[in-house]
Amino acid sequence: MKLEDTTAKKSFAYSWLIKRMFPFVKPYIPRIIIGFLIALPLGLLDGVTAFVLKPYMDYVISGDDLAFTFLGIDFSFTSLQLAFIIPFCVVAFTAFQGLLQYINQYICIWTSQRITNDIKMALFENLIGMHPKFFDENSSGVIISRYMNDPVTASTSFVDQLKTIVTTACSAIGLIAVMLYSSWQLAIVGVLVLVCAFLPASLLRKRIKRASNQNMVIGGQLTTNVNETYSGNKVMAAYNLQGRQNKLFKQLTWDSFRVNISLSKRLIWLSPVMHLISSVGVAIILGFGTYLINKGTLTSGGFASFLASLLLLYKPIKSLSHAITNIQTTFVALSRVLELFDCKSEIAESPNPVTMSGLKEAVTFENLCFEYEDGHEVLHNINLRVPVNETLAIVGNSGGGKSTLVNLLPRFYDIKSGSLKFDGVDVRDISLRSLRENIAIVFQDNFLFSGTIRENILMGKPNASEEELAEAVKSAHLTDTLAALPNGLDTEIGERGTTLSGGQRQRVAIARAILKNAPVIILDEATSALDNESEAVVQKAMDNLMKNRTVFIIAHRLSTIRNADRIAVINNGSLVELGKHDELLSIENGQYKELYELSYRQQQKQ
């Protein structure tokens, strides 16, 4: 599945989004409810200032006394008393509103961060279970963007925008209530005007979705560019590719700029349009309000309170409009995140898997065929039996299928037809964990994780004793190397082990494989990138690794080939020759003989 091809198809299927998000939201529902309960008075308190304008205008400014009965108790305030009480109440309500706002904001941030963490952890757990083909098809930048950035945009913005919508909606309700209290006739006109001002935001959904998806793709390509610049810095310097990388980065940056500007052009007209509609509404209300005052159905204080409510209402309506616009972007990101959970590994575990415990008889390939893409066969009718403790060297033309064949052993990929069996059990019926626990691999370019040499070796067997670790180090011929390092086994090796030489990295990988003590070993051109001196040391370490194990070697060096029990020649996806070194050399015009002689001539030139 190519992540760049996903288009967040269900970004506006709100019931689907809510249903899929519910498991992540469920643990925090009590806090979310508390946040929403706080948001209700937080929004409603916006109407207090507008509400008190009516008694202030009608009693304080006019100099009249206020008298009313509440719960059977008579209350009476002079205009002078009201002049002190009303401002004090406004300040008290504002302070209380500020406290509620702080609590609400804290709950919102805490909840959104926890939901983000849960989504990230669930996505990463999904990611590490994906099949190798998934990583073949998707660049590092797209994966980082989709698995790390989208969850932040989705969950953090989702809770924040939802809180904004609730708060501003309550604020709008409170202010509309004050407007209705002041004059229901004017309130009808005001609400109609605000609905008209609110409508344009609903027209941008599809444009937001398209722009968000385009930005996701471009962002992934930008991250890939930076990753490749970092990882390939020596190649970049050697081939003077700085200009190429810089040109690509600038092009992608400008592409992102154009997408954002295109969307912004459509978003920024919302404010002036809303201003224009609101000003028309204010003009209508001024005229209609003046008519009602002259008619005697509305006091000047009531009109002032209504006008203040209307003007204050503009802010929450504008915020609500922007929040609903922004939440469309959030829904697009959320849809992309949820789509990732639907990405399943093509390597499926058997319903009733067999646990593999060592290799007792043989590894068997029976009429095995494999293809990466439909209709393009890479391996064709491979029939081969490798007895336990045999060392099989696999040689052949470049791109002929050698690495593909050994990659099927740990089930990095599934075969198209035929079968691959360990002791008569099909590899697809063996549990993935036990299968891979019984196979150790040393690649041509072994990946070492950031951390110490000790940590990297112990990945072969995390619970290994110090004696087992020391024996693995000795067998991998690492003792002298460690003695020369300042902290020995606890030396930090940097990202990808860049502080070590190629030969040292290979020996760390071999020590890791030795410590794993797996019955099946795969050596995928483990010495091809080394000089002769480094190869000699690594070869000794490999010899220790290969003792009493079933070994598959992809090799091109004569020494490794000659030491193998048998040699399989794979050319253009087919097994064309199989036998011992001397047997294959005796085949007139044989393909192995041709490869051997070519390799021999190349070594003679060195």
Side-chain angles (χ1 to χ4, degrees), residues 1-2 129-138 344-354 356 359 361-388 390-432 434-436 438-439 441 443-444 520-525 550-556 564-579 584 587 590-592 594-595:
M1 176 183 180
K2 290 187 178 181
M130 294 303 291
H131 51 286
K133 186 179 178 182
F134 176 83
F135 296 96
D136 296 341
E137 292 178 340
N138 296 288
K344 303 299 181 185
S345 175
E346 293 179 4
I347 310 299
E349 188 82 87
S350 170
N352 299 297
V354 176
M356 180 177 173
L359 184 70
E361 296 177 6
V363 178
T364 311
F365 301 83
E366 299 177 357
N367 297 317
L368 185 145
C369 298
F370 174 78
E371 56 187 31
Y372 289 106
E373 298 179 7
D374 292 340
H376 299 279
E377 207 165 60
V378 178
L379 294 174
H380 177 68
N381 281 347
I382 302 294
N383 286 281
L384 178 64
R385 185 178 187 275
V386 183
V388 66
E390 179 179 83
T391 297
L392 178 75
I394 304 171
V395 300
N397 63 327
S398 179
K402 304 185 297 295
S403 292
T404 299
L405 185 68
V406 297
N407 280 334
L408 297 178
L409 292 167
R411 206 181 164 199
F412 290 158
Y413 305 91
D414 266 343
I415 61 178
K416 176 191 174 185
S417 61
S419 62
L420 165 60
K421 297 179 179 179
F422 289 81
D423 292 338
V425 180
D426 193 291
V427 69
R428 289 164 291 193
D429 296 326
I430 301 172
S431 75
L432 284 171
S434 69
L435 172 69
R436 291 168 184 174
N438 283 273
I439 300 174
I441 308 175
F443 297 100
Q444 177 181 349
V520 179
I521 303 295
I522 297 172
L523 303 173
D524 191 352
E525 303 211 43
T550 307
V551 184
F552 295 82
I553 305 175
I554 296 176
H556 67 288
D565 296 316
R566 286 191 301 166
I567 300 165
V569 182
I570 306 289
N571 272 351
N572 299 318
S574 298
L575 177 61
V576 294
E577 293 175 359
L578 177 66
L584 296 180
I587 301 174
Q591 295 191 34
Y592 175 74
E594 181 182 341
L595 287 169

*Identify the two heavy atoms, one from I439 and one from L409, that lie closest to each other, and give their separation to 0.1 Å.*
CD1-O, 3.6 Å
*asked:* So, using ring pair (Phe, Tyr, Trp, His ring centres under 6.0 Å) as the criterion, who are the partners of F370 when residues are at least two apart?
replied: Y372, Y413
*Test I382 against every option in L368, I415, L420 by the side chain to side chain contact (heavy atoms under 4.5 Å, CB included) rule and name the one that passes.*
L368
*What are the two closest heavy atoms between E346 and H131, and how far apart are they?*
N-ND1, 2.9 Å
*Donor-acceptor pair, side chain of D565 and main chain of T391, under 3.5 angstrom*: yes
_Over all atoms of both residues, closest heavy-atom pair of A564 and A393_ = CB-CB, 3.7 Å
*List the atom of E377, the atom of E371, and the distance in Å for their closest heavy-atom pair.*
CA-CB, 3.8 Å
_Counterpart residues, side-chain hydrogen bond (donor to acceptor under 3.5 Å, both in side chains), relative to S417 (two or more places apart)_ = none
_R428: partners by side-chain hydrogen bond (donor to acceptor under 3.5 Å, both in side chains), with sequence neighbours left out_ = D426
_Main-chain N/O of D429 paired to S350 side chain as donor or acceptor, under 3.5 Å_ = no
*Quick one: sort the F443 and F412 rings into parallel, tilted or perpendicular, breaks at 30° and 60°.*
parallel
_Ignoring hydrogens, what is the shortest heavy-atom contact between D414 and I347? Give both atom names and the distance._
N-CD1, 3.7 Å
*Listed by chain and number, what are the side-chain hydrogen bond (donor to acceptor under 3.5 Å, both in side chains) partners of N397, not counting sequence neighbours?*
N572
*Got M356 and S431 here, is their nearest side-chain heavy-atom distance under 4.5 Å?*
no
*Sequence neighbours left out, what passes salt bridge (charged side-chain N to carboxylate O under 4.0 Å, His left out) with E390? Give chain and number order.*
R566
*With sequence neighbours left out, what residues match S419 under side-chain hydrogen bond (donor to acceptor under 3.5 Å, both in side chains)?*
E366
